[in-house]
Amino acid sequence: MIDIKALRKDPDFFKDALKKRGYEVEIIDEVLKIDKEWRDVTTKINELRAKRNEISKEVAKAKREKDEDKTKALMEEGKEVGKKIKELEDKKRELEEKQKQLLLRIPNVPHESVPVGEDETYNVEIRKWGQPTEFDFEPKAHWDLGPELGLLDIERAGKLSGSRFVILYSKLAKLERALINFMLDLHTKEHGYIEVAPPHLVKRETMTWSGQLPKFEEEAYNTKKDDLFLIPTAEVPLVNLHAGEVLREDDLPLKYVAYTPCYRREAGSYGKDVRGMIRNHQFDKVELVWYTTPGKSYEALETLTSHAEEVLKRLKLPYRVILLSTGDMGFTASKTYDIEVWLPSYNAYKEISSCSNTESFQARRSNTRYRRKDGKLDFVHTLNGSGLAVGRTLVAIMENYQQPDGSIKVPDVLVPYTGFEVIP
RNA sequence: GGAGGCGUAGCCUAAUUGGCUAAGGCGUCGGCCUUGAAAGCCGAUGGGGCGCAAGCCCCGUGUGGGUUCGAGUCCCACCGCCUCCGCCA
């Protein structure tokens, strides 16, 4: 949620921000128009309420003095004022509802360091680690490798659940479990995160606070009967953990890590990444979330990103870090780094983590504040990043660690977790 | 699913049968005092509208409605927590 007071002061700043993202800017004028009406109505209501308060005081006084005629007259007058107030309050509610719907659909303002451009071609590569894996044989894609080993079952998954699901067996299933444990251990023991096991089903409000709703309802699985949503990422519960609370500045930054499955309908991605387990309706992810102060959130974004990168470094998987352009960034983000891992099957780098600073955008929606050293209340800044997408990490290991005989070597750091060094 | 209870500010706790400023304590911040600190004392400590400002006004007792001249208080719905019963991995 953007700051309406800031919008009043400098509408052009927000129009410019929308333009950079490739959004229509008319919405800003609509918001301002409703805001003007709202302020007019609010002023009138305030005046009438002041009058009503005055009248009720006089009623009480007249009653004490047992002046029945005066009491009756005042009550009549109060009734009239009350009617007018109610009319205006209905109008005000209507305006507020309209305004809320508009504001919830306005994306966050990009940070000044974000490259301006309409799509991903304007993204900027920040750094690269390692070199694309070279093979002295023809490497296989994971969607061939896995089934040939008998450990990745796409057909039966289709039977059970339809397309974009997979089943893992024995050593491959265990490798995935090892990855989860490795990531959680790294972030909790070395990077200082608090581990969280959150709910996987959340209320509509929760999805709204973190920015998934109302704009992206098509993307989410919903349980009709109870109107609960399957989380598309652990970011949703983690970033709403302190909704409505006032945190102490001394307790910041708060750093949380959670492993959860993620559920996405992938409604807008027909024909994209259809093979294997790159884009599934259900995938495992380890998510990192920070709560911090406005002055420190960009420094925090660098640190959080480095924590995600560390996973790839230890797994010795080649990757690069991309700074997303204004046109490629998500709705809630002010600035986003994508980490992309090398995938031989794509002969390209493929997103495996997305690390964003949302500044106060989510905190405003969820009303998450902290008390500053000077005693004042302010919104926290929230950041989120994958550390990492487990399914895609599994794919990256399968493809980059494959051997000529079709077996897969287990990365050294994972052997203590798997108990074996090669698959099968 | 059934029965009952509860929800007050950052936290804890008050508020006759609906009425005058939601009282008090703790914490936090600022000031006084002090060589420094503690203690003590004074003040501040939710949101909004109008205004250059001083300031004026409104709202705020889980959320949203309703009754009433007037609601923390009465009514309805929802959310959350607790207790008991039922069901259950």
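Residue numbers start from 1 in every chain, and the chains themselves are labelled A, B, ... in the order their sequence lines are given, proteins ahead of strands. These numbers were taken from a predicted model, which means no experiment stands behind them.
Distance check on atom P: B:A39 versus B:G30 gives 14 Å, rounded to whole Å. On the C1' atoms, B:C11 is 11 Å away from B:U28, given to the nearest whole Å. Between the C1' atoms of B:U61 and B:A14, the separation comes to 12 Å (whole Å). Rounded to whole Å, the C1' atom of B:G72 lies 15 Å from the corresponding atom of B:C59. Nucleotides B:C12 and B:G70 are separated by 33 Å at their P atoms, to the nearest Å. Between B:C74 and B:U68, the two C1' atoms lie 10 Å apart (nearest whole Å). Taking the C1' atoms as reference points, B:C82 lies 47 Å from B:C32, given to the whole Å. Distance noted for atom P between B:C75 and B:G4: 14 Å (whole Å).
Atom NZ in A:K9 sits roughly 11 Å away from atom P in B:G49 (whole-Å rounding). Spacing between atom NZ of A:K36 and atom P of B:G49 amounts to 12 Å, rounded to whole angstrom units. A straight line from CZ of A:R8 to P of B:G51 spans 11 Å, rounded to a whole angstrom. The CG-C1' distance, from A:N367 to B:G60, rounds to 13 Å in whole Å. Atom CH2 in A:W209 sits roughly 12 Å away from atom P in B:U63 (whole-Å rounding). A:E54 places its CD atom 14 Å from the P atom of B:C20, with the value rounded to the nearest Å. As rounded to whole Å, 13 Å separates atom C1' of B:G60 from atom CG of A:N53. Rounded to whole Å, the distance from CD1 on A:I4 to P on B:G48 is 12 Å.
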Close N/O contacts between protein and nucleotides 27-30 of chain B (under 3.5 Å):
from, atom 1, to, atom 2, distance (Å)
B:C29, O2', A:D374, O, 3.4

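Counting any heavy atom pair closer than 4.0 Å across all strands shown, A:K44 reaches no nucleic acid atom. Among the atoms of the strands shown, only primed sugar atoms or phosphate atoms (P, OP1, OP2) are found under 4.0 Å from some heavy atom of A:L377.
A salt bridge links A:E148 and A:K140; the closest N-O separation between the charged side-chain nitrogens and carboxylate oxygens is under 4.0 Å. Between A:K63 and A:E58 there is no salt bridge, since no side-chain N of the basic residue sits under 4.0 Å from a carboxylate O of the acidic one. Ionic pairing of A:K72 and A:E76 is not present here: no N-O contact between side-chain nitrogen and carboxylate oxygen is shorter than 4.0 angstrom. The existence of a salt bridge linking A:E37 and A:K91 is confirmed by a sub-4.0 Å separation between a basic side-chain nitrogen and an acidic carboxylate oxygen.
For A:N46, the listed nucleotide lying nearest its side chain is B:C58; candidates were B:C58, B:G46, B:G49.
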Open item on the list: Applying side-chain hydrogen bond (donor to acceptor under 3.5 Å, both in side chains) to A:N357 and A:S334, what does each step give before you reach the verdict?
Closed with: CA-CA 6 Å; A:N357 183 2; A:S334 281; 6.0 Å; no
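Taking the six-membered ring where the residue is Trp, A:Y346 and A:W143 present perpendicular rings, their angle passing 60° and hence far from 30°.
Around the CD atom of A:Q101, the shell of radius 6.0 Å holds more than 12 heavy atoms that belong to other residues, nucleotides or ligands. The number of heavy-atom neighbours closer than 6.0 Å to CD of A:E112, taken from other residues, nucleotides and ligands shown, is 12 or below.
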TODO: Assign a letter to each nucleotide of nucleotides 64-74 of chain B from its 5' end: B, base within under 4.0 Å of a protein heavy atom; S, sugar-phosphate only; -, no contact.
DONE: -SSS-BS----
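Nucleotides of RNA chain B nearest to A:R369 and A:R39 differ in position, and the one nearer the 5' end is that of A:R369.
Both the sub-6.0 Å distance and the 45° axial angle are satisfied by A:K255 relative to the ring of A:Y193.
Between the side chains of A:Q362 and A:S210, not a single donor N or O lies within less than 3.5 Å of an accepting N or O. For the residue pair A:D251 and A:Y291, no side-chain donor N or O sits within less than 3.5 Å of a side-chain acceptor on the partner.
The shortest heavy-atom contact between A:K92 and A:I45 is CD-CD1, 3.7 Å.
The phosphate of B:G49 has neither OP1 nor OP2 within less than 4.0 Å of any side-chain N or O from A:K5. Contact between the side-chain N/O atoms of A:R49 and the OP1/OP2 oxygens of B:C57 is not found at any separation under 4.0 Å.
When the options A:L151, A:T418, A:L145 are evaluated for a side chain to side chain contact (heavy atoms under 4.5 Å, CB included) with A:I423, the one that passes is A:L151.
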- [ ] Any chance you could encode RNA chain B as dot-bracket? Rule is Watson-Crick or G-U wobble with both distances under 3.5 Å; [ ] for pairs crossing earlier ones, | for another strand.
- [x] (((((((..(((......[....)))((((((.......))))))(((((....)))))..(((((..]....))))))))))))....
